[in-house]
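Numbering of ligands and ligand atoms starts at 1, following listing order.
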Amino acid sequence: MTKPIRKAVFPVAGLGTRVLPATKTVPKEMLTVVDRPVLQHAVEEAREAGIEHFVFVTGRNKAVIEDHFDIAYELEDTLRRRGKDKELADLLADLPPAGATSFTRQQAPLGLGHAIWCAREVVGDEPFAVLLPDMITLPGARGSRCLAQCVETYNKHGGNVIAVEEVPMDQTHQYGIVSVGEDFGHTFEINGMVEKPPKGTAPSNLIISGRYILGPEIFQILEKGEKGAGGEIQLTDSMIHLAKTQGFYGVRFDGKTYDTGSKVGFLAANVAFALARPDIAPAFKAELKKIVGTL
Ligand code: UTP
């Protein structure tokens, strides 16, 4: 019997230098895709996958994230008095239940691996999910978003799970890459991982795309604080260590992933998420057609 995945860690302490100047004062996770912060989309994906506790690894200048997941007393009261019931209901529906969030700090952005390690006391001794919140997903034919597909694979195989995506071979040097062992189609056994391999050396074109399920043993490896690519404490390096003693499975997510941490990815996410919203899509399509017609 595998232990259920109850907790998810959201590392949100990065500097977001790729989307400056927007991120000078606004955390990149709080930039808006359609009508809610990027981070809210990731939290909804986690809720859909059955996550009960949301752990945010924040940093300085990120206090607004904590406020977003709290009640906004004056605002809610005003909406109530003005009879804006739908707006109020939408606000409350997005709010995690009392006691379901934890916030811890990464004091310096030393890398993704270090950010995850900062959540060790809150996660404790149980397997957990990690969502890179700047990567947001829309469902494909299976009808679920990425983390739900990872949890499904974990429930079947146990071990550790990583969502992957295909990129053109000439872009593999920018990402963490996995190699494929026994292949079951939608899922496969991972028999190797490498972070940012030099051009022409990647074992596949499958990139690690921002959703993970990891055993708590990863924390003992991260504890060593070893630096990898770019002088950062990389999560991939610790996963390579853990793979010596535990199984890792890859999930070929069948939907779409958007990297809102880059300017073009952020714009593409807004278009795709707006087109996926029945209440906004018709009017938005009409505007989009006017723009596309001028290209
Ligand atoms: P990124 O590399 O995309 O984030 O890390 P970044 O460092 O903010 O981006 P750029 O390159 O400067 O634009 C993926 C996720 O990991 C978090 C980020 O907040 C992001 O959600 N992260 C990264 C941390 O929490 N701490 C770190 O030290 C690094």
Trainee: Does the protein put a heavy atom less than 4.0 Å from atom 16 (O) of ligand 1?
Mentor: yes

Trainee: Under 3.5 Å between some N or O of ligand 1 and some N or O of Val19?
Mentor: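 It does not: no N or O of Val19 is found under 3.5 Å from an N or O of ligand 1.
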
Trainee: Would you say that Leu132 contacts Leu112 through its side chain, given a criterion of any heavy-atom pair below 4.5 Å between the two side chains?
Mentor: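 Yes. Closest side-chain heavy atoms under 4.5 Å.
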
Trainee: Based purely on interatomic distance, does Gly16 place a nitrogen or oxygen under 3.5 Å from a nitrogen or oxygen of ligand 1?
Mentor: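 Right, the criterion is met.
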
Trainee: What atoms of ligand 1 come closer than 4.0 angstrom to any heavy atom of Glu29?
Mentor: 19 (O), 21 (O)

Trainee: Can you report which non-hydrogen protein atom sits closest to atom 26 (N) of ligand 1, along with the distance?
Mentor: Gln106 OE1, 2.7 Å

Trainee: Are Ser179 and Asn191 linked by a side-chain donor-acceptor pair shorter than 3.5 Å?
Mentor: yes

Trainee: Please state which protein non-hydrogen atom is closest to atom 21 (O) of ligand 1 and give its distance, to 0.1 Å?
Mentor: Pro11 O, 2.9 Å

Trainee: Where on Glu232 is there a heavy atom closer than 4.0 Å to ligand 1, on the side chain, on the backbone, on both, or on neither?
Mentor: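 The answer is neither.
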
Trainee: Does His114 come within less than 4.0 angstrom of ligand 1, counting non-hydrogen atoms of the residue?
Mentor: no

Trainee: Test Phe10 against every option in Val55, Val43, Val57 by the side chain to side chain contact (heavy atoms under 4.5 Å, CB included) rule and name the one that passes.
Mentor: Val43

Trainee: Answer yes or no: is there a side-chain heavy-atom contact under 4.5 Å between Leu275 and Leu288?
Mentor: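 Leu275 vs Leu288: side chains touch.
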
Trainee: What are the atoms of ligand 1, with element, lying closer than 4.0 Å to any heavy atom of Pro109?
Mentor: 28 (O)

Trainee: Only heavy atoms count here, so choose which of Lys28, Gln234, Lys263 is nearest to atom 6 (P) of ligand 1.
Mentor: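 It is Lys28 that holds the nearest heavy atom.
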
Trainee: Would you check the N or O atoms of Val57, main chain and side chain alike, for any that come under 3.5 Å of an N or O of ligand 1?
Mentor: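 In fact, backbone or side chain, Val57 has no N or O that close.
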
Trainee: Got the closest protein heavy atom to atom 25 (O) of ligand 1, with its distance?
Mentor: Ala13 N, 2.9 Å

Trainee: What is the nearest protein non-hydrogen atom to atom 28 (O) of ligand 1, stated with its residue, atom name and distance?
Mentor: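 Checking every protein heavy atom, the shortest distance to atom 28 (O) of ligand 1 gives Gly111 N, 2.8 Å.
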
Trainee: Taking the six-membered ring for Trp and the full ring for Phe, Tyr or His, determine whether the centres of Phe69 and Phe56 are under 6.0 Å apart.
Mentor: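 Yes, the ring of Phe69 comes within the 6.0 Å limit of the ring of Phe56, centre to centre.
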
Trainee: Counting C-beta onward and ignoring hydrogens, is there a side-chain heavy-atom pair between Thr260 and His41 closer than 4.5 Å?
Mentor: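 Sidechains of His41 and Thr260: no contact.
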
Trainee: Does Asp35 CG have over 12 foreign heavy atoms under 6.0 Å away?
Mentor: yes

Trainee: Does the plane of the ring in Phe273 sit parallel, tilted or perpendicular to the ring in Tyr258? Use 30° and 60° as the thresholds.
Mentor: perpendicular

Trainee: Among Tyr154, Phe54, Tyr212, Phe219, which residue satisfies the ring pair (Phe, Tyr, Trp, His ring centres under 6.0 Å) criterion with Phe128?
Mentor: Phe219

Trainee: Side chain or backbone, does Gly261 bring an N or O within less than 3.5 Å of an N or O on ligand 1?
Mentor: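 Min N/O separation from ligand 1 is not below 3.5 Å for Gly261.
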
Trainee: Please report whether ligand 1 has a polar contact with Gly14, defined as an N or O pair separated by less than 3.5 Å (distance criterion only).
Mentor: yes

Trainee: Is any side-chain heavy atom of Lys199 closer than 4.5 Å to one of Asp170?
Mentor: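 Sidechains of Lys199 and Asp170: no contact.
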
Trainee: Can you tell me which portion of Ala115 lies within the under-4.0 Å heavy-atom range of ligand 1? Options are side chain, backbone, both, or neither.
Mentor: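 Answer for Ala115: side chain.
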
Trainee: Please determine if Pro133 has a nitrogen or oxygen closer than 3.5 Å to a nitrogen or oxygen of ligand 1.
Mentor: no

Trainee: Does Glu44 reach the side chain of Asp94, with side-chain heavy atoms less than 4.5 Å apart?
Mentor: yes

Trainee: Does only the side chain of Leu110 get under 4.0 Å from ligand 1, or the backbone, or both, or neither? Count heavy atoms.
Mentor: backbone

Trainee: Classify the side-chain pair Thr137/Glu45 by whether it contains a donor and acceptor separated by less than 3.5 Å.
Mentor: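 Indeed, the side chains of Thr137 and Glu45 share at least one donor-acceptor pair under 3.5 Å.
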
Trainee: Considering only the protein, which heavy-atom contact is closest to atom 3 (O) of ligand 1, and what is its distance?
Mentor: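 That would be Arg18 NH2, 2.8 Å.
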
Trainee: With a 4.0 Å heavy-atom cut-off (strictly under), which part of Thr17 contacts ligand 1: side chain, backbone, both or neither?
Mentor: both

